[in-house]
Amino acid sequence: MDDDDSFLPTLGRQRQQGGKRARRYLGRVLAAANLARGGTAAVGLARGVFSGTRIGRGAGVGRMLASRGGHAASNSRRVIVKASIVKLAGKGASAAAAHLRYLQRDGTTREGERGTLYGRDADTIDGKAFGERGSGDRHQFRFIVSPEDGDQYEDLKPLTRRLMARMEEDLGTKLDWVAVDHFNTGHPHTHIVVRGKDDRGADLVIARDYMTTGIRERAAELVDLDLGPRTHREIAQTLRAEVEQERLTSIDRALLKGADAERVVATNGRDAFDQTLRAGRLAKLSRLGLAEPLGAGRFRLSPDLADTLRALGERGDIIRTMQREFSRAAIARAQADQAIYDPAAPDARPLVGRVLARGLANEHTDRHYLIIDGVDGRSHYVAIGKGAETDVSVPRGAIVRIDPVRPTVREVDRTIAAVAAGNGGRYDVDAHLRHDPTATQAFAETHVRRLEAMRRISGMVEREPSGRWIVAPDHLDRVTAHETAKLRDRPVAITMLSPQPLDRLIDAEAATWIDRELVSAAPEPARDAGFGHDLRDAQARRRQWLAAQGFAEETGGSTTFSNGMIAVLQRRELLRVAGQLADELKMPYREAAEGARIEGIYRRPVDLVSGRFVLIERARDFTLVPWRPVLERQVGKSVSGLMRGDGISWSIGRGRSGPSIS
């Protein structure tokens, strides 16, 4: 280059910057835009991984609040928010209506009165009208908002309304919601139910980050504005209270996090206060057998420390729940006469008793419980699983039997595994018929329906395009695991023995549960305490009534009952109730004879003292026959069955052509 004017630029390859090949201009713009949205810096990574966090309303706000929430000040007010999405298909709609009714139950206000739904502009909302508006919705949202310092609020409604207004701003839509405040626990909280539709009628989809973190951060902001940040004294008081608690605490989590590979921790902490907390908590854990002193201020934590403390906390919650229900029912129960029914225990036996209470153990996950006053003289806490899985209505005072549910492999599953084992791990109808020449096409198709249900629910089997099913060699193990997992939703089976309380059975002109116990070859042994004492007294009085009616004879301290007593008493009640129904329906009643075929339309169940029956309407008359669970979804449909003793073998469909249900 001779002079400045003779410079000639030459285009070549772009140099690397910072040890990396420079991105093209468009790539740099996309990366900057991605960072501005709160995403990852690597555009290629963003394309390769799909997490779903950006789907739904409030995605950007949720990511912003999530990133900020992790660095929130330790003295900010804490709020627990539990969020769930509930599908309304199938039984979901009826379960949602039952959930709303339960939220408005008695004893939830500060005054112990019935809870009341409220909304954006009204202190009283009709729950039925809210349910009707959402009858066609695909889903609904449920939130439980529990400020740690909720006891400082005289009324939670203003806080809830401000939170919902903030959520509407974040989500960019008006929300159709109802709420109810509960003050029946140590931590006041609010239940909020939001329809799954936005203000334009489209399905409402809320981003995952906003559901998991955003709502909690918004609620904490509002509580901070109302009450101010927590003082150091408040924080210290909360931590001191944790030292002696028999549950998993924040101190325990810090100890577990700081333990070495041998689970050894020391009492020394960040400062004198922290060291006092650690030393006090480790001493408590040592007394519980969950920490072993090693000397010099060192302890070895138990390997199952967290699980044991969680179980202790749950047990404490159960005991407090039982005491609350005993107080409400004005019943005195010694600690020795209280028990927690464990259906998974190897020696678990059926439990028979009177229902003292039914409630929600976990309102967020819809976990219910019963408190049963057993014939053994003890009161039992029974976890019955999800409310949607519990079809039996159990009013207070009813008499029920609780049976543990065991994970079982059905014969249909064993047949599927056997057919697949002999057919290269594949199942189809043709292979089944070759495996068992006596099987029919219809019988083999029931196995296909079982496979379809297993694929839809758990995905443990696959269907090929040809229609054949891929069955794994460990299929029966997978079925066992699947059935075991189902026990979390339905750990026990509930059988209604008498919907009527014990005192109404003494002089009832019907076949009562007491009568069946009196004539039983193996009656329930009743201890002379609690419900067992009441049962013994009721049995003695019932024997006197039966003797006066000519059904029993007492000689030499023993009672002899007449043959056919149960059938006669049941028929008396049936005829009495049938007469009342005949007047109501303007249609005559016709008794169902032994061996007769019953055909008609199933109209409704009829609950009698003698048991549950169903009303079958025919062209010119109606009849009452014993109810069976298979009829639960057949209301208004044609059914057909054959009377067999005290039961009936049903066929569902039109006339006699429907499939038989034994």
Side-chain angles (χ1 to χ4, degrees), residues 65-84 144 146-149 185-187 189 208-209 211-213 216-217 220 229-320 340 342 344 361-362 364-365 367 383 485 488:
L65 292 173
S67 63
R68 190 183 68 183
H71 303 87
S74 61
N75 62 343
S76 63
R77 300 283 175 177
R78 294 184 296 185
V79 179
I80 297 174
V81 176
K82 296 182 178 181
S84 62
I144 302 176
S146 178
E148 183 182 36
D149 304 297
T185 67
H187 299 282
H189 55 278
R208 187 176 66 191
D209 283 341
M211 288 273 289
T212 57
T213 306
R216 184 185 69 227
E217 292 298 316
R230 293 189 301 166
T231 65
H232 292 295
R233 177 176 295 180
E234 289 175 321
I235 297 172
Q237 288 176 344
T238 301
L239 292 173
R240 287 194 189 98
E242 291 185 354
V243 170
E244 293 296 323
Q245 291 178 354
E246 295 185 0
R247 63 174 181 84
L248 188 65
T249 68
S250 63
I251 305 177
D252 302 319
R253 293 187 179 93
L255 291 172
L256 289 168
K257 185 177 181 180
D260 63 17
E262 300 296 324
R263 304 185 309 280
V264 175
V265 295
T267 57
N268 57 303
R270 297 184 304 272
D271 50 38
F273 179 70
D274 187 39
Q275 181 171 354
T276 300
L277 291 175
R278 292 169 67 91
R281 186 58 180 172
L282 286 167
K284 173 66 175 179
L285 294 176
S286 178
R287 292 194 296 273
L288 293 174
L290 297 175
E292 176 190 357
L294 301 177
R298 298 167 66 247
F299 290 77
R300 178 177 284 109
L301 301 178
S302 170
D304 57 351
L305 181 141
D307 291 339
T308 302
L309 288 175
R310 287 192 186 97
L312 285 174
E314 291 174 2
R315 182 176 181 84
D317 292 340
I318 288 172
I319 291 173
R320 285 188 291 273
I340 299 175
D342 182 8
N362 189 319
H364 175 62
T365 57
R367 302 287 170 175
R488 291 193 295 267

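Computed over heavy atoms, backbone and side chain alike; hydrogens, waters and symmetry mates excluded.
Taking each heavy atom of L301 and A291 in turn, the nearest pair found is CD2-CB, 4.3 Å. Nearest heavy-atom pair across R281 and V243 is NH1-O, 2.9 Å. Annotation for F299 and S286: closest pair CE2-CB, 4.3 Å, computed over non-hydrogen atoms. The two residues S250 and E242 come nearest to each other via the heavy atoms OG-OE1, 2.6 Å. Taking each heavy atom of G258 and V265 in turn, the nearest pair found is C-CG1, 4.3 Å.
One finds the CZ atom of R253 at 11.0 Å from the CG atom of L305 (value rounded to the nearest 0.5 Å). Separating the OG1 atom in T249 from the CG atom in L255 is a distance of 7.5 Å, to the nearest 0.5 Å. The structure places CG of N268 at 6.5 Å from CZ of R278, a figure rounded to the nearest 0.5 Å. If you take CD on E314 and CZ on R247, they are separated by 12.5 Å, rounding to the nearest 0.5 Å. The line from CG of D307 to CG of L248 is 9.0 Å long, rounded to the nearest 0.5 Å. The NZ atom of K82 lies 13.0 Å from the CZ atom of R216; values are rounded to the nearest 0.5 Å.
Under 4.0 Å is where a charged nitrogen must lie from a carboxylate oxygen, and between R77 and E234 at least one such pair does.
Atom CD1 of I80 is surrounded by 12 or fewer heavy atoms from other residues, nucleotides or ligands within 6.0 Å. By the 6.0 Å contact criterion, CZ on R287 is enclosed, its count of non-hydrogen atoms from other residues, nucleotides or ligands being greater than 12.
Taking the salt bridge (charged side-chain N to carboxylate O under 4.0 Å, His left out) definition, one finds that E246 meets it with K284, sequence neighbours left out. The side-chain contact (heavy atoms from CB on, under 4.5 Å) check on E292 picks up L294, R300, with sequence neighbours excluded.
Distance alone, capped at 3.5 Å, places no donor-acceptor pair between the D304 side chain and the T308 backbone.
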